[in-house]
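Reading through the structure tokens given below for one structure.
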Amino acid sequence: MSPRRIFLATAGSLGDLHPFIALGLALRARGFQAEIASSPEYADKVRAEGLVFHSVGPTLAELEARTGLDRVALTRAIGRSTVFLFEKLLLPHLKAAARETIRVAEGASAIVGSTFAAGAAMAAERLGVPFVPVALQPAIVFSAYDPPRLPTAPWLRPSRAGLGLALNRLTIAAARASTARWTGPVDAIRAALDLPPEGRNLLLDGLTGRDLSLGLYSPLLSPAQPDAPEGFAVVGPAHYDSEAGGPVALSPPLSAFLAAGPAPLVFTLGSAVVNDPGDFYAQSLAAARRLGRRAVLLVGPEGDVSVADGPDAIALPYAPFSLLFPRAAAIVHQGGVGTTQQALRAGRPQLIVPYLGDQFDNAARAVRLGIGASLGRGGYRGRRVAAVLERLLMDPTGVDTAARLGRVASQEDGAAVAAEKILKLVTLSQREKA
């Protein structure tokens with residue numbers, strides 16, 4: 001008897017892919033055949049883990065050609081506007097993605113996808129199998145009790161009652177109204193797939209109306225709120241950080257650097273914002289030197305490793321956060337939810353410099369937990385960065401809080417919990433069909 005197949009659909013940067021690889025590995029350990037559908041660039045990494053890969057969606061080169069924007073310009077456009085993300089990148093490819101997912105997911109026991117994977121949801125409906133939406137960060141749950149911190153709505157704050165809660169609900173309702181224009185095009189695609197209109201809001205309704213939906217992030221950032229959709233569970237993060245698939249290890253040069261002196265400051269912009277670094281790394285090195293600290297600069301595959309121009313610093317394209325962050329004095333990063341949670345698990349203070357999307361919200365949550373600080377990208381200058389880092393490192397309460405919460409976070413295994421919940425859902429679904 002062939003193993004039951006679980007189809008996992010995601011798109012975006014490594015921060016979007018890695019949790020799905022972790023989930024795929026957890027599902028495989030429970031007897032499923034886990035299959036990941038994503039951008040063609042990720043095929044080798046997924047297959048290196050022994051998971052089945054399906055190419056669904058455009059390549060980065062195709063997106064650049066269709067939009068007329070290079071990688072840096074694309075990153076900036078996404079950072080400036082959610083409208084660009086939905087109307088220029090998501091909606092134009094939705095019908096093709098849905099059709100391709102229907103084709104390759106035929107025979108799957110369930111489909112699991114990120115909350116914006118509307119094509120995967122349509123495929124599951126067309127194939128008659130459960131769809132499990134996954135939120136990788138609290139920001140896209142849009143709870144009125146614990147709303148996202150957004151530059152465009154700085155008045156949003158956690159609230160349990162009164163005017164604060166009413167204002168949060170009003171703001172979310174305004175967001176629903178302003179994005180309602182996407183519902184018609186989505187229902188038109190549904191019609192082309194012989195599915196009835198649904199009226200679902202593409203931005204706000206990704207988690208609703210499902211037997212199971214998952215928050216694949218730490219409940220330390222935000223537990224499930226009173227207004228969470230029925231069937232929604234926050235299960236913890238799903239960590240994965242192999243560079244090319246397979247075993248995780250620090251490179252020999254990095255290992256030697258770490259062994260040669262005290263714990264360094266680590267500076268990274270993740271896998272998306274690193275496309276538009278500006279002078280982040282130069283200013284980071286200047287800050288480290290003002291403090292007399294060593295520095296590890298993770299500059300990305302296209303980055304300039306020569307920025308580390310002395311024995312007190314090393315620049316590398318990549319390093320596994322799970323092995324590097326616990327050996328850092330503090331971590332400076334862009335605020336991607338995966339990076340934030342790896343730093344949280346490492347138990348080290350964080351300085352977050354948000355650039356786009358949910359990064360502003362993740363930064364606010366880290367500050368609220370008492371484990372770090374946030375600094376606007378426009379104010380990221382060596383002298384100021386050094387002052388903020390010195391304050392973080394010299395604050396015993398903050399250092400102790402980071403270490404204490406790190407011990408809690410290190411026990412979280414969202415991939416395993418999610419896999420068990422999916423197993424129960426599939427088992428129940430198959431019993432009902434029998």
Side-chain angles (χ1 to χ4, degrees), residues 137-139 146 149 157-158 215 217-224 234-239 241 250 257-259 261-268 270 284 287-298 312 319-354 358-376 379-380 382-414:
Q137 58 277 102
D146 190 12
R149 186 71 176 270
R157 293 288 191 279
Y217 53 81
S218 174
L220 291 171
L221 295 179
S222 180
V234 178
V235 297
H239 291 299
D241 60 357
L250 297 174
F257 178 82
L258 293 172
L265 301 170
V266 173
F267 300 88
T268 178
S284 297
R289 286 174 172 164
R290 289 186 71 88
L291 295 172
R293 297 269 184 170
R294 304 193 311 149
V296 175
L297 310 169
L298 301 182
D312 60 343
F321 293 168
S322 60
L323 300 182
L324 173 60
F325 284 3
R327 300 181 66 174
I331 300 143
V332 183
H333 61 92
Q334 84 292 357
V337 71
T339 310
T340 302
Q341 291 180 125
Q342 287 278 19
L344 173 61
R345 186 169 68 157
R348 298 295 184 266
Q350 309 180 39
L351 172 56
I352 302 179
V353 189
D358 65 297
Q359 294 168 5
F360 298 92
D361 182 61
N362 299 327
R365 293 177 190 278
V367 172
R368 194 186 310 163
L369 286 172
I371 60 174
S374 180
L375 183 62
Y380 195 82
R383 182 185 299 272
R384 188 173 182 189
V385 174
V388 176
L389 284 171
E390 184 173 36
R391 186 169 70 248
L392 287 175
L393 291 166
M394 298 302 292
D395 174 15
T397 301
V399 171
D400 289 347
T401 299
R404 176 175 56 82
L405 294 183
R407 290 189 290 272
V408 175
S410 66
Q411 301 303 309
E412 297 173 344
D413 188 351

With sequence neighbours excluded, tell me which residues meet side-chain contact (heavy atoms from CB on, under 4.5 Å) with [X].
| X | answer |
| --- | --- |
| Ala295 | Phe267, Leu285, Ala288, Leu297, Ala313 |
| Asp413 | Ala415, Ala416 |
| Val399 | Pro349 |
| Phe360 | Pro151, Pro354 |

Minimum-distance pair of heavy atoms, taken over all atoms of [X] and [Y]:
| X | Y | answer |
| --- | --- | --- |
| Leu265 | Leu393 | CD2-CD1, 4.1 Å |
| Ser222 | Asp146 | OG-OD2, 2.7 Å |
| Pro264 | Leu258 | CG-CD2, 3.8 Å |
| Ala366 | Ile352 | CB-CD1, 3.7 Å |
| Ala139 | Asp358 | CB-CB, 3.8 Å |
| Ser218 | Gln341 | N-OE1, 2.6 Å |

**OP:** Calculate, to the nearest 0.5 Å, the distance between atoms CD and CG belonging to Gln137 and Asn362 respectively.
**Re:** 6.5 Å
Original post:
OG of Ser374 to CD of Gln359: how many Å apart, nearest 0.5 Å?
Top reply: 10.5 Å
Partners of [X] by side chain to side chain donor-acceptor pair (under 3.5 Å), sequence neighbours excluded?
| X | value |
| --- | --- |
| Thr340 | none |
| Asp361 | Arg365 |
| Arg157 | none |
| Arg345 | Gln342 |

Original post:
Does Leu291 offer a backbone N or O that forms a donor-acceptor pair with the side chain of Arg293 under 3.5 Å?
Top reply: no
Subject >> Sidechain-backbone polar pair: Arg294 side chain, Phe257 backbone, donor-acceptor under 3.5 Å >> reply: yes
Subject >> Flag side-chain contact, heavy atom, 4.5 Å: Leu405 against Leu344 >> reply: yes
**OP:** Using a 4.5 Å cut-off on heavy atoms from C-beta on, say whether the side chain of Leu220 contacts that of Glu412.
**Re:** yes
**OP:** Could you check Leu221 against Leu369 for side-chain contact (heavy atoms from CB on, under 4.5 Å), going step by step and ending with a plain yes or no?
**Re:** CA-CA 8 Å; Leu221 295 179; Leu369 286 172; 4.2 Å; yes
Please tabulate, for side-chain N and O atoms in residues 320-339, each donor-acceptor pair with protein atoms closer than 3.5 Å (sequence neighbours left out).
from   : atom 1 : to     : atom 2 : distance (Å)
Ser322 : OG     : Asp241 : OD1    : 3.2
Ser322 : OG     : Asp241 : OD2    : 2.9
His333 : ND1    : Gly335 : N      : 3.0
His333 : NE2    : Gln350 : OE1    : 2.7
Gln334 : OE1    : Gly270 : N      : 3.3
Gln334 : NE2    : Thr339 : OG1    : 3.4

Subject >> Asp400: salt bridge (charged side-chain N to carboxylate O under 4.0 Å, His left out) partners, not counting sequence neighbours >> reply: none
**OP:** Keeping to residues at least two apart or across chains, list the side chain to side chain donor-acceptor pair (under 3.5 Å) pairs with something in residues 382-398.
**Re:** none
